[in-house]
Amino acid sequence: MDLDPGSADHLARVLDVEGKISRALDALGPVGGRDVALVDGAAGLRARQLAELGARVTVVERAGDGTFAAPEASADVVVAYWSAFRGAPTEEIEAAGRLLRPGGRLLVVHDYGRDDVSRFRGDLPEYAEWSRRDGPFLRGGFKIRVLHCWWTFETLDDARAFLAEAFGEAGRTTGQGLTRPRLSYNVAVYHRTFGAANV
């Protein structure tokens, strides 16, 4: 989501306070005790969450040609939250495969939709075609796990103020319809094994 720094920080504090995403990544990786390459992730909240699970985290950046600034076969797990592997581009998937050791896991987090948040974000490809059987991920050998998460605010006023400031009129309209200080937020974790039987 293209948010200003203040709104992005606010969202990070309220998104998935239950920790479902981190637990799912550990279940699908696992990440504990393993070398994890975090794509396009600053050494912030998501890196700390992985480290708290026992992962040895290295942040890697994408180059302009779809490759990654990290040695080949240097990771047991590659994790990306929202920004990378959008639409499962072949060159990025292949580059991630080169980062991984045999049997390594690629875990890609994207929005799934069919929730409160998707109501004010518009018609996005991740809400439909990406998760279809003939979509780019499942057609490309990935499996999917859907997580039913929340944006959890302290109060209704806090939720409404954030939505209006971050998402304009669409967010304001959604906020006015809230009866509790949280929004449903469904997340897809696309997962694939490289160099071994897919699990």
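For the numbers below, each heavy atom of this structure counts, side chains included, while hydrogens, waters and symmetry mates do not.
Salt-bridge check for R172 with E169: passed, with a basic side-chain N closer than 4.0 Å to an acidic carboxylate O. E126 and R86 are joined by a salt bridge, as a carboxylate oxygen and a charged side-chain nitrogen come within less than 4.0 angstrom of each other.
In this structure, CG in L106 is found 11.5 Å from CG in L28, a value given to the nearest 0.5 Å. For the atom pair CZ of R121 and CE of M1, the computed distance is 4.0 Å after rounding to the nearest 0.5 Å. If you take CG on D26 and CG on L107, they are separated by 10.0 Å, rounding to the nearest 0.5 Å. If you take CZ on R133 and CD1 on I144, they are separated by 11.0 Å, rounding to the nearest 0.5 Å. Between the CG atom of L100 and the CZ atom of R105 there is a distance of 10.0 Å, given to the nearest 0.5 Å.
The aromatic rings of F120 and F167 are tilted relative to each other, their planes meeting at an angle between 30° and 60°.
Shown here is D123, whose CG atom has no more than 12 heavy atoms of other residues, nucleotides or ligands within 6.0 Å.
Annotation: cation-pi geometry not satisfied between R192 and Y190 (NZ/CZ under 6.0 angstrom from ring centroid, within 45° of ring axis).
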Starting from the C-alpha separation in whole Å, work towards a yes-or-no answer on side chain to side chain contact (heavy atoms under 4.5 Å, CB included) for W82 and V109. CA-CA 5 Å; W82 295 288; V109 177; 3.8 Å; yes
Any chance you could lay out the side chain to side chain contact (heavy atoms under 4.5 Å, CB included) test for L38 and Y81, step after step, and finish with the verdict? CA-CA 8 Å; L38 176 58; Y81 294 93; 3.6 Å; yes
Run the side chain to side chain contact (heavy atoms under 4.5 Å, CB included) check on F153 and H10 step by step: do they pass? CA-CA 10 Å; F153 298 86; H10 194 162; 4.0 Å; yes
Residues V79, R46; criterion side chain to side chain contact (heavy atoms under 4.5 Å, CB included); working and verdict: CA-CA 10 Å; V79 174; R46 304 302 164 200; over 6 Å; no
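No hydrogens or angles considered: nothing links the side chains of T155 and D158 as a donor-acceptor pair under 3.5 Å.
Of the residues F137, W130, F194, the one that meets the ring-ring contact (aromatic ring centres under 6.0 Å, His included) test with F142 is F137.
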